Amino acid sequence: MVRVLYFAWLRERMGCAEEQLEIPPGVATVGDLAAWLRARNAKGEAAFAELSTVRAAVNQVFALPPAPFADGDEVAFFPPVTGG
Amino acid sequence: MVRVLYFAWLRERMGCAEEQLEIPPGVATVGDLAAWLRARNAKGEAAFAELSTVRAAVNQVFALPPAPFADGDEVAFFPPVTGG
Amino acid sequence: MTPFIRVQMQRIDVSAELARLTAGQTGVGGIGSFIGFVRDDPACPLQSLSLEHYPGMTEAAMTQIATEAAGRWPLLGCTLIHRVGRLVPGDDIVLVLAASPHRQAALDATGFLIDWLKTRAPFWKQERFVDGTERWVEARLADDEAASRW
Amino acid sequence: MTPFIRVQMQRIDVSAELARLTAGQTGVGGIGSFIGFVRDDPACPLQSLSLEHYPGMTEAAMTQIATEAAGRWPLLGCTLIHRVGRLVPGDDIVLVLAASPHRQAALDATGFLIDWLKTRAPFWKQERFVDGTERWVEARLADDEAASRW
């Protein structure tokens with residue numbers, strides 16, 4: 001199981017802030033996971049439509065699409081940050 | 001008459017914070033005045049010994065040695081500033 | 001140097017934070033500071049700004065940013081406070097304080113901290129305008145460029 | 001923009017000055033700030049620092065420095081407060097605040113204001129050490145260089 005979090009407009013488009021997901025074999029990187037979520041349903045398609053504006057973190061550390069994740073990890077998706 | 005002010009170690013060496021002075025003919029610039037004060041007495045000699053470390057203002061505006069001054073003006077001498 | 005990091009809902013008490021930063025120190029020559037505010041744009045009047053963050057990761061990222069600054073400048077202390085929740089124009093959003101024996105280090109570290117905080121800490125802003133429309137603020141290229149100078 | 005300029009004996013109340021600077025404004029996006037302190041050097045323990053100034057000229061010079069900054073950056077307000085009299089280690093000496101719609105302008109103006117204040121406003125510092133000796137602080141070439149960058 002992987003804990004997946006969504007923030008800002010990704011949260012709005014996904015319709016939830018987080019979910020526990022059973023990840024199918026072959027989905028091993030952050031990029032794989034985004035593509036799988038996009039293909040999964042209409043909400044995923046809306047949230048991950050523009051992959052260039054989606055950022056991610058694995059276990060609360062920024063991660064690029066090639067970054068791997070494993071069972072038990074926390075993966076978050078969000079837009080580019082706009083604090084300060 | 002010219003009002004002459006001294007600050008910091010120039011004040012200490014001159015032994016006063018200000019004086020009203022009758023300026024002799026030919027003493028027309030800030031540099032002339034410094035040279036005249038230096039030659040006037042032992043205190044002036046001590047205060048103006050190192051002219052390169054003396055700064056000046058005429059009527060409360062920084063002035064270089066060639067700057068002229070006139071009767072009724074306020075001329076100040078002081079070390080390089082060290083505020084902030 | 002242990003940075004003081006906090007994400008909070010309430011207004012930022014700058015005097016209290018300055019007192020905390022300087023408590024027991026006599027080696028401080030200067031403190032640089034930046035305070036960010038919710039700015040109103042008369043052309044498009046803002047009703048409120050909602051700030052969301054990623055609890056846990058935010059504090060870790062802020063600590064890492066402060067640690068990076070401490071590695072680059074001789075800091076005696078630094079403070080990073082960021083508000084979340086619903087803010088209105090004129091409200092403070094963020095406070096950065098950097099204390100150093102030297103003025104230039106304090107000022108440079110302050111600029112670095114706010115530039116990195118804007119681009120490397122997980123906060124997101126949503127604007128709500130007087131006409132009822134809402135939009136998520138987009139990241140500015142200029143902010144990335146400012147951060148990449150360091 | 002009318003700068004707020006003051007030479008004073010008493011401690012500087014930063015919160016009060018921030019409130020004064022932002023009163024009635026909603027266009028402020030950021031305030032940059034620098035606070036200078038009397039720093040103690042363990043190698044040569046300082047008992048006190050006496051600050052002398054040139055009344056009248058000081059305020060005029062500070063106003064001119066603020067005016068110069070307002071000509072270079074889009075400032076909505078700025079505050080320059082400098083203490084005089086006898087100070088001890090840990091005391092604040094100087095406060096610079098610069099408010100702007102934009103963060104970088106606020107930070108750059110802050111750096112400019114403190115650099116110029118150090119080199120163009122008539123203040124002089126005399127140090128008194130714990131061993132009873134006194135000396136007038138000499139102007140630092142580094143300060144002139146910092147000021148001439150602008």
Side-chain angles (χ1 to χ4, degrees), chain C residues 11-19 21-43 45-46 76 88-104 106-115 117-118 140 142-143 145-146 149, chain D residues 11-19 21-43 45-46 76 88-104 106-115 117-118 140 142-143 145-146 149:
Chain C
R11 293 190 74 102
I12 301 168
D13 182 339
V14 178
S15 280
E17 296 307 331
L18 284 169
L21 182 62
T22 55
Q25 304 224 44
T26 53
V28 177
I31 294 179
S33 157
F34 179 79
I35 311 169
F37 292 88
V38 181
R39 181 161 63 96
D40 205 3
D41 178 357
L46 192 68
L76 296 168
V88 297
D91 275 354
D92 46 18
I93 304 178
V94 61
L95 172 70
V96 167
L97 300 175
S100 174
H102 307 293
R103 147 173 123 268
Q104 198 57 51
L107 288 170
D108 288 347
T110 301
F112 169 87
L113 288 164
I114 185 63
D115 282 352
L117 199 49
K118 282 185 96 81
R140 293 173 61 228
D143 288 337
E145 285 169 355
R149 291 178 309 173
Chain D
R11 293 189 75 103
I12 301 168
D13 182 341
V14 177
S15 279
E17 297 307 331
L18 285 169
L21 182 62
T22 55
Q25 303 223 43
T26 54
V28 176
I31 294 179
S33 156
F34 179 80
I35 312 170
F37 293 87
V38 181
R39 181 162 63 99
D40 204 2
D41 178 357
L46 192 67
L76 296 168
V88 298
D91 276 355
D92 46 19
I93 304 179
V94 61
L95 172 70
V96 168
L97 300 175
S100 173
H102 307 292
R103 146 174 124 268
Q104 199 57 51
L107 288 169
D108 288 347
T110 301
F112 169 88
L113 287 164
I114 186 62
D115 282 352
L117 198 50
K118 283 185 95 80
R140 293 174 61 229
D143 289 336
E145 284 168 355
R149 291 178 309 173

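Quick note on labels: first sequence line is chain A, next is B, and so on, each numbered from 1. In this text the structure is predicted, and so the values were computed from the model without any measurement.
When heavy atoms are compared at a cutoff of 4.5 Å, C/V96 does not approach chain D at all. Looking at C/D108, neither its backbone nor its side chain comes within 4.5 Å of chain D, counting heavy atoms on both sides. Neither the backbone nor the side chain of C/A98 comes within contact range of chain D; no heavy atoms are under 4.5 Å apart. At a 4.5 Å heavy-atom cutoff, the contact between C/T22 and chain D is made by side-chain atoms alone.
Note on D/I35, D/V14, D/L18, D/D40: by heavy-atom pairs under 4.5 Å with chain C, the leading option is D/I35.
The side-chain hydrogen bond (donor to acceptor under 3.5 Å, both in side chains) test applied to D/D143 returns C/R103, D/R140, not counting sequence neighbours.
In terms of heavy atoms, D/S15 sits closest to C/D13 at OG-OD1, 4.4 Å.
The line from CD of C/E145 to CD of D/Q104 is 12.0 Å long, rounded to the nearest 0.5 Å.
Contacts between residues 26-33 of chain D and chain C, defined by a heavy-atom separation under 4.5 Å, are made by D/T26, D/G27, D/V28, D/G29, D/G30, D/I31, D/G32, D/S33.
Legend: side chain to side chain donor-acceptor pair (under 3.5 Å) pairs involving residues 90-102 of chain D, not counting sequence neighbours, sorted by first then second residue: D/R11-D/D91, D/R83-D/D92.
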